[in-house]
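I have placed the structure first, in the form of structure tokens, so that the comments after it can refer back to it.
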Amino acid sequence: MQPERMADIRNGSVFRGSVGNDTVISTAAGFQFGKMKPTDWQINNASTSHKSLTEGRRADQVKHESQTAAKTAEKTSYLTQSDVTKKLVQRMQDTEQWKSELLRAIQDLIAETDLLLSQKRRLEKALAASEVPLHITTECLKNRERRQNSDSVEDNVEIALFKEAEIINSVQDLLNSTIEEANIQVRNNRAAKHILEMDWSDKLEALSIDTRSGSLSNASTDAHYKPAATAFQNTQSEPQMWLIYSHDNIGDAERERDVSCNLRHVIDSILSDLSRDMRNQADIVKVLFEDRIDQVHESIVELTNQLQQVLSNIAAQEKNIRDLRRAIKDKELPMKVVQSRLDNRSRRPGLENCQDLAQFRMVEEVATIGESIDTLVEKLQQAEESLKSLTDTRMELEKEIDVKSNSLFIDREKCMSVRQRYPSADKLMGYN
């Protein structure tokens with residue numbers, strides 16, 4: 001440094017740098033104020049060196065601790081992630097097991113519902129089939145309303161037909177109520193199945209989510225920060241609740257399935273009992289019809305025989321009347337003869353007109369002939385009255401035969417023919 005410039009500095013002049021920057025040094029005294037002593041300098045150097053060594057050792061310690069913490073954090077993170085993955089796998093296994101149980105319960109309920117629907121269709125077929133015997137019974141009763149006079153009687157056949165109609169009406173009432181019960185149970189089965197399907201669907205979705213979550217790793221590109229997901233949600237269920245929910249759903253479904261199964265067995269019994277009751281009554285009616293037809297036929301045969309006898313009696317009586325009339329007519333000539341004799345002899349002269357024996361005999365003859373005629377006339381009247389009674393009897397017999405023939409035609413041709421269409425036991429049980 002040039003002497004002039006040193007003088008300027010010492011005197012507080014301005015120092016001008018080569019680049020044009022000026023540094024003002026106030027005074028020479030100020031320049032010397034605040035400088036360290038050599039001892040202070042040494043102390044400062046020693047302090048700085050000690051501090052450097054201390055900080056170096058501290059840095060090494062922090063580095064070592066940091067490396068240890070990093071390794072521990074990595075190990076902890078690995079172990080925690082592995083444990084979480086295991087927990088997810090266990091959860092997925094539990095979910096899969098419950099899903100399988102739910103699917104089994106769903107399939108069992110579907111199969112049971114199908115069986116119940118099949119039984120319901122049997123009930124409906126049986127109800128439709130019961131219309132045929134009801135129509136047959138009604139038609140038989142209507143046909144028998146056309147029976148006439150004395151045959152319009154409340155016989156055993158009619159009583160059995162009314163009982164048959166009553167049985168069929170009771171059967172139809174029971175079938176209708178059982179169909180409604182089956183409809184309710186089908187709805188209950190479907191409602192339980194819907195709950196199971198919703199539970200199964202939720203578990204399927206949860207299993208998909210857990211599978212996707214379990215497949216995530218540190219190398220996954222779709223792993224992101226989701227700080228909002230780290231807190232428990234108020235809507236989340238507890239594990240026990242989760243178990244109880246599916247357990248209760250399956251239990252409810254099994255109870256509905258048991259009820260449905262019992263109802264199917266009841267339907268079997270109902271259809272069997274009702275079919276047996278209807279067929280038994282139909283057989284009773286058939287036997288009574290056959291007995292009644294035999295009775296009516298025997299009555300017709302008996303009445304026909306009686307009619308033949310009456311016709312024979314009528315013919316005999318008609319002949320008897322003709323004979324009586326002829327006998328009466330035959331008495332006219334003898335009466336004329338005897339009366340002519342008496343008339344002739346009444347004209348005898350004088351004492352010759354005598355009541356001699358001949359006269360007495362002729363008078364007796366007139367009386368005898370008159371008595372004979374009176375007897376014959378009386379017999380003729382009796383014969384005519386008998387003929388009239390026989391004719392009335394014939395008409396009554398013919399009418400009664402017509403009445404019974406009409407009844408026989410109704411029972412044998414109308415009723416028995418229509419009862420040939422009576423459904424079989426299988427059809428009444430809802431088969432075919």
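Both backbone and side-chain heavy atoms feed into the values below; hydrogens, waters and symmetry mates do not. This is a predicted model, so every value here is computed, not measured.
Counting heavy atoms from C-beta outward, Phe162 and Thr137 have side chains that stay 4.5 Å or more apart. Side chains of Thr391 and Lys388 form no contact here, defined as non-hydrogen atoms less than 4.5 Å apart. Considering only heavy atoms from C-beta on, His135 comes within 4.5 Å of Arg421 through its side chain. Two residues are said to be in side-chain contact when any heavy atoms from C-beta on lie closer than 4.5 Å; Asp411 and Val157 fail this criterion. Looking only at side-chain heavy atoms (C-beta outward), Ser389 and Asp392 stay at 4.5 Å or farther from each other. Ile195 places none of its side-chain heavy atoms less than 4.5 Å from the side chain of Trp200. Side-chain contact between Phe289 and Arg412 is absent, with no heavy-atom pair separated by less than 4.5 Å. Leu102 has its side chain out of reach of Glu197: every pair of non-hydrogen atoms, C-beta onward, lies at least 4.5 Å apart.
In plain terms, the two heavy atoms of Ile401 and Leu307 that are nearest each other are CD1-CD2, 3.9 Å. Considering all non-hydrogen atoms of both residues, Ala192 and Ala253 come closest at CB-CA, 4.2 Å. What you find for Leu127 and Ser130 is that their closest heavy atoms are O-OG, 2.6 Å. Shown here for Ser260 and Leu116, the closest heavy-atom pair between the two residues is OG-CD2, 3.3 Å. Of all heavy-atom pairs between Leu288 and Asn156, the closest is CD1-O, 3.6 Å. Closest of all the heavy-atom pairs between Arg121 and Asp114 is NH2-O, 4.4 Å.
By the 4.0 Å N-to-carboxylate-O rule, Arg255 lies too far from Asp258 to be salt-bridged with it. A salt bridge links Arg264 with Glu112: at least one charged nitrogen is closer than 4.0 Å to a carboxylate oxygen. Remark: Glu101 does not engage Lys203 in a salt bridge, criterion side-chain N to carboxylate O under 4.0 Å. The existence of a salt bridge linking Asp283 and Lys286 is excluded, since no basic side-chain nitrogen approaches an acidic carboxylate oxygen closer than 4.0 Å. Between Arg419 and Glu164 there is a salt bridge, since a side-chain N of the basic residue sits under 4.0 Å from a carboxylate O of the acidic one. A salt bridge links Arg104 with Asp108: the closest approach of a Lys/Arg side-chain nitrogen to an acidic carboxylate oxygen falls below 4.0 angstrom. Look at Arg122 and Asp268 and you find a salt bridge, because one of the NZ, NE, NH1 or NH2 atoms lies within 4.0 Å of a carboxylate O, short of that distance. Between Glu158 and Arg147 there is a salt bridge, with a side-chain nitrogen of the basic residue lying less than 4.0 Å from a carboxylate oxygen of the acidic one.
With rounding to the nearest 0.5 angstrom, the CD1 atom of Ile270 is 8.0 Å from the CG atom of Leu175. Going from atom OG1 of Thr178 over to atom CD of Gln185 covers 13.0 Å, rounded to the nearest 0.5 Å. If you take CG on Leu274 and CZ on Arg279, they are separated by 14.0 Å, rounding to the nearest 0.5 Å. Note that CD of Glu205 is 7.0 Å distant from CG of Asp202, once rounded to the nearest 0.5 Å. Between the CG atom in Asn143 and the CD atom in Glu413 there is a gap of 12.0 Å [rounded to 0.5 Å]. Atom SG of residue Cys415 and atom CG of residue Leu141 lie 8.0 Å apart, to the nearest 0.5 angstrom.
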Query - Stepwise side chain to side chain contact (heavy atoms under 4.5 Å, CB included) test for Thr113 and Arg257 - result: CA-CA 8 Å; Thr113 303; Arg257 186 163 60 87; over 6 Å; no
Query - Residues Arg326, Asp330; criterion salt bridge (Lys or Arg N to Asp or Glu O under 4.0 Å); working and verdict - result: CA-CA 6 Å; Arg326 186 179 304 110; Asp330 289 344; 5.9 Å; no
Query raised in the report: When you look at Asn320 and Gln317, which way does the side chain to side chain donor-acceptor pair (under 3.5 Å) test go after all the steps?
Result: CA-CA 5 Å; Asn320 181 45; Gln317 197 65 269; 2.9 Å; yes
Report task. Output, in order, the C-alpha distance, side-chain angles, deciding distance and verdict of salt bridge (Lys or Arg N to Asp or Glu O under 4.0 Å) for Lys99 and Asp199. Result -> CA-CA 8 Å; Lys99 189 167 73 72; Asp199 195 357; over 6 Å; no
Report task. Please report the C-alpha distance between Tyr431 and Lys125 in whole Å, then the side-chain angles of each, then the deciding distance to 0.1 Å, and finally whether the side chain to side chain contact (heavy atoms under 4.5 Å, CB included) criterion is met. Result -> CA-CA 7 Å; Tyr431 294 118; Lys125 288 180 180 179; over 6 Å; no
Report task. Output, in order, the C-alpha distance, side-chain angles, deciding distance and verdict of side chain to side chain contact (heavy atoms under 4.5 Å, CB included) for Arg322 and Glu318. Result -> CA-CA 6 Å; Arg322 289 194 298 273; Glu318 287 176 341; 3.8 Å; yes
Report task. Go through the steps for Glu398 and Arg394 under the test side chain to side chain contact (heavy atoms under 4.5 Å, CB included), then give the verdict. Result -> CA-CA 6 Å; Glu398 289 174 344; Arg394 184 199 69 183; 3.7 Å; yes
**Report entry** Verdict with supporting geometry, Gln281 and Asp277, side chain to side chain donor-acceptor pair (under 3.5 Å)
**Finding:** CA-CA 6 Å; Gln281 185 61 25; Asp277 291 345; over 6 Å; no
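Remark: side-chain polar atoms of Ser152 are not paired, donor with acceptor, to backbone N or O of Gln148 under 3.5 angstrom. Here the side chain of Ser246 pairs no donor or acceptor atom with the backbone of Leu243 at under 3.5 angstrom. When atom types are taken as modelled, the side chain of Asn406 and the backbone of Asp402 share no donor-acceptor pair closer than 3.5 angstrom. Remark: side-chain polar atoms of Thr304 are paired, donor with acceptor, to backbone N or O of Ile300 under 3.5 angstrom. Here the side chain of Asn305 pairs a donor or acceptor atom with the backbone of Val301 at under 3.5 angstrom.
Residues satisfying the side chain to side chain donor-acceptor pair (under 3.5 Å) criterion with Asp151, sequence neighbours excluded, are Lys404, Ser407.
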Using atom types as modelled, flag every donor-acceptor pair under 3.5 Å from a side chain in residues 371-385 to any protein atom, sequence neighbours excluded.
unit_1, atom_1, unit_2, atom_2, d
Ser372, OG, Thr368, O, 2.9
Thr375, OG1, Glu371, O, 2.9
Glu384, OE2, Arg325, NH2, 2.6

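Asn313 and Gln309 form a side-chain donor-acceptor contact under 3.5 Å, judged by distance and modelled atom types alone. Looking only at atom types and distance, the side chain of Ser275 has no donor-acceptor partner in the side chain of Lys427 under 3.5 Å away.
Other residues, nucleotides and ligands place no more than 12 heavy atoms under 6.0 Å from the CD atom of Glu166.
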